Every structure is written in C-alpha cells, then in structure tokens.
Protein chains: 2
Amino acid sequence: MTAGVLSQKTRYAIRAMQHLADNYGQGPIQLAQIAEAQNIPAKFLTTILSELSRFGIVDSQRGKDGGYRLAVSPIDITYGDLIRLMRGSLALVPCASRFAHEKCKNCLEEENCRTRALMLEVRDRTAELLDGVRLSDRIELVPAQADSEN
Amino acid sequence: MTAGVLSQKTRYAIRAMQHLADNYGQGPIQLAQIAEAQNIPAKFLTTILSELSRFGIVDSQRGKDGGYRLAVSPIDITYGDLIRLMRGSLALVPCASRFAHEKCKNCLEEENCRTRALMLEVRDRTAELLDGVRLSDRIELVPAQADSEN
DNA sequence: GTATTCTCAACTTAAAAAGTTGACAATATC
DNA sequence: GATATTGTCAACTTTTTAAGTTGAGAATAC
C-alpha cells in the first residue's frame, strides 16, 4: 500500500467541503446527509466538521433542521486553503513550509541543504496550483490520458 | 509538529545518495562515514543502504576497505527517481499515482472525483520538477527570499 | 419539555514509521 | 586458514500518528 500524502481525514474534509459548496445558499446541510452522500463515517465526520467550524470556515446550527453551511462563498476557498488548514502545510518537508516552518529532525544546517532548496521550489509550484483552484470550480476532468507514466 | 510528507527514511536516503554522488568515482565509501557526515543513525542507515543496494542503484562491497558507491552516474539519477524508489509515488493521493495507482479508501467513483483531477495535475507538475533535478546538480540556493507566504 | 442536531474531550484501536538486535556472509590480509 | 573488517537481512521493539468511537452535554425548534 502506497502511503498517500493527504490523510484520510484531509480527504474527507475536502469532500465534505465540496458537498457544502455544491449546496451553497440552500440552507444548512445535515451531517448525516453529508456522511452518506460522501461515504464518510458519520462519527468521524463529526470531528472533522467541528474542526472546520472552529476554524470559522464553516457555520453550524444546532437543533431541528440544523446543519452546516459554508461561512464563506465557495469562490473564496481554495484547495490550498483547505489542505493547509487540515495538515498545516503544503510542503514536502517541515523545513520547506512557509506558515509552519520547522527544522527537519536530524538534518544538517538548513542554509546549505540542497534538498531544502529543491523542496521550497516544489512547495511553491504546488501552492501556485492548489491556490488557483476554488471550491466553486468545476474541475475539468482530463480526458483520461493513457495513465502511463509516474 | 507538522507532518512532513517525506519520511525520515526517505530524507536519509536522499542525503546518503547525495553524499555518494559527491564522492562519485573515488572508491567505496563506508557506511560509518556516511552516517557521521550526514547525521544519520548508523544502524538505521544499514537498512536504507541495503535497500538501495537491492534496488540496484547503489553497489556495495564487503570486507576491508569495502563500502558503497553509486551504481550509476549521479547525472542519471533524479530526485524524482529517489522519492519514487523510497515512497512508491510522487502523488498526494493513492489514486493519483501513475506507477503505483490504487483506489483511495472510502472514495467515490474515480471517474467523477474532482479532487483526483486536481491531484493528477499536482503530481505532474511535481514530477516535472523533481525529475528535472539530478543528483549531480548543485542546486542553486535561492537568496533566502523573505520567508513570507505559505 | 422533548426531540433534534451539533460539540468536544477522552478514549481505543490500528497501522506505520523509526530504529535496534544479532546472527551471518563476503572479502581482504597476514 | 584464521582473523578482522564491512556489508546483509529478517525479526523485533518502541514510538508516533492516524483513524475512528464513546458518551455526556449544549443549543435550538416546536
């Protein structure tokens, strides 16, 4: 099994947010509904949505006919935002993070770390891409180009 | 603590390979030497180098004055190769991997997964970058541009 | 006041990562 | 051919992180 960089939790969060985005402006959506539609364990989704709600990116309402809705327009939420929110950084290594910069364990001096220089580059390009796509975007599905390389 | 996508082991592997690259053509380098110079726990490095050796990217020699050396010229090894070798894929999610493609757990159908489309894009750009830099390259260290965003 | 729906800290379980142990195999040297 | 040196490798332990559950509570609606 290949690791996968985005945790299950982050992936759930993204799908939940997409769901809310798709129903933006239509009153609160209940957790159970999202869980079912998005195939997410309901109890776990509880943790995730509460977190998103604490972050202020989602509004919640309790009681009958309560639920969740985006606190901001889906046009103002990028995938980069979501991933940073959930995993703290877009970087491949701690020392290459901008917001959550941290020395890598057991590393040599950052100044002349070749890997770091490269990873900063990767982070920037990734950010550029992920910050350019919004929750409101219908992402164009590439025409399944022969899944050949990489 | 922020996760960091590349495992400690992968980072060690990269540094070990850089070390070998820097000493390419100068006879075998001993494990203990690499461990010390690169600040890697020696016993753990054992595991890593054996693995790299089994992959055929490194040659080993036992006995007195033995050690390790690159099996290929550092110009023929990219960072992409190394990362793929150590972690199986460059992708952020399992379903966006080319070589190690795998369905994401608890996902919806891949065909209309918006996240997937985006992640394929990210993977491609990352690969482009990581496959463009070689172990032989002296990576130009960016002039520490005010570590502001991201 | 009762039913509904979100909240949240504490907990459990499961899995992966990190690192160690120790017996062994190849090579070199004397 | 014995000894010292250096890599090999599977099995194991420990640590950390991820994933998911529990259950008591708080807000709201009717």
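Every value quoted in this text rests on a predicted model; they were computed, and no experiment measured them. A, B, ... follow the sequence lines: proteins, then strands. Residue 1 opens every chain.
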Quiz item: Any ion pair linking B:D22 and A:R114 (charged N to carboxylate O, less than 4.0 Å)?
Solution: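 Salt bridge flag = yes for B:D22 with A:R114.
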
Quiz item: Thinking salt bridges, do A:D81 and A:R134 make one under a 4.0 Å N-O criterion?
Solution: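 Looking at A:D81 and A:R134, the cut-off is not met.
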
Considering only nitrogen or oxygen atoms on both sides, find all protein atoms under 3.5 Å from nucleotides 21-23 of chain D and state each distance.
| from | atom 1 | to | atom 2 | distance (Å) |
| --- | --- | --- | --- | --- |
| D:dG23 | O6 | A:K43 | NZ | 2.9 |

Shorter than 3.5 Å, N or O on both sides, protein versus nucleotides 26-30 of chain D: list them out with atom names.
| from | atom 1 | to | atom 2 | distance (Å) |
| --- | --- | --- | --- | --- |
| D:dA26 | N3 | A:R62 | NH1 | 2.9 |

Can you tell me if [X] and [Y] form a side-chain donor-acceptor pair at under 3.5 Å?
X: A:Q18; Y: A:Y79; value: yes
X: A:S7; Y: A:T10; value: yes
X: A:Y12; Y: B:N106; value: yes

How close or far is atom [atom2] of [N] from atom [atom1] of [X], stated in whole angstroms?
X: B:R11; N: C:dA17; atom1: CZ; atom2: P; result: 12 Å
X: A:R69; N: C:dT5; atom1: CZ; atom2: P; result: 15 Å
X: A:I29; N: C:dC6; atom1: CD1; atom2: C1'; result: 15 Å
X: B:R15; N: C:dA18; atom1: CZ; atom2: P; result: 13 Å
X: A:R87; N: D:dT17; atom1: CZ; atom2: P; result: 13 Å
X: B:L20; N: D:dG7; atom1: CG; atom2: P; result: 11 Å
X: A:I48; N: D:dG20; atom1: CD1; atom2: P; result: 8 Å
X: A:L6; N: D:dA19; atom1: CG; atom2: C1'; result: 16 Å

Practice problem: For B:Q30 and B:I34, run side-chain contact (heavy atoms from CB on, under 4.5 Å): C-alpha distance rounded to whole Å, both residues' side-chain angles, the deciding distance at 0.1 Å, then the answer. | Solution: CA-CA 7 Å; B:Q30 292 181 10; B:I34 305 176; over 6 Å; no

Quiz item: Side chain of A:N39, backbone of A:A35: donor and acceptor closer than 3.5 Å?
Solution: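 Not a single qualifying donor-acceptor pair exists.
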
Exercise. Kindly say whether B:L90 contributes a backbone atom to a donor-acceptor pair with the side chain of B:R123 at under 3.5 angstrom?
Key: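 Side chain of B:R123 to backbone of B:L90: no pair is present.
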
Quiz item: Is the distance from OP1 or OP2 of D:dG20 to the nearest side-chain N or O of A:Y12 less than 4.0 Å?
Solution: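 Answer is yes, contact under 4.0 Å.
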
Quiz item: Does a nitrogen or oxygen in the side chain of A:Q8 sit under 4.0 Å from OP1 or OP2 of D:dA18?
Solution: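 Result: no.
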
Exercise. Select one nucleotide: of C:dC6, C:dC8, D:dA19, the one nearest the side-chain heavy atoms of B:K105.
Key: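 Selected nucleotide: D:dA19.
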
Exercise. Could you please name the option among C:dT5, C:dA18, D:dA19 that lies closest to any side-chain atom of A:S7?
Key: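 That would be D:dA19.
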
Practice problem: Classify the nucleic acid contact of A:L49 as base, sugar-phosphate or nothing, counting any heavy atom under 4.0 Å across all strands shown. | Solution: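 Contact class for A:L49: none.
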
Self-check item: A:R69 and A:Q61, any side-chain heavy atoms less than 4.5 Å apart
Solution: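 A side-chain contact exists here, since the closest heavy-atom pair is under 4.5 Å.
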
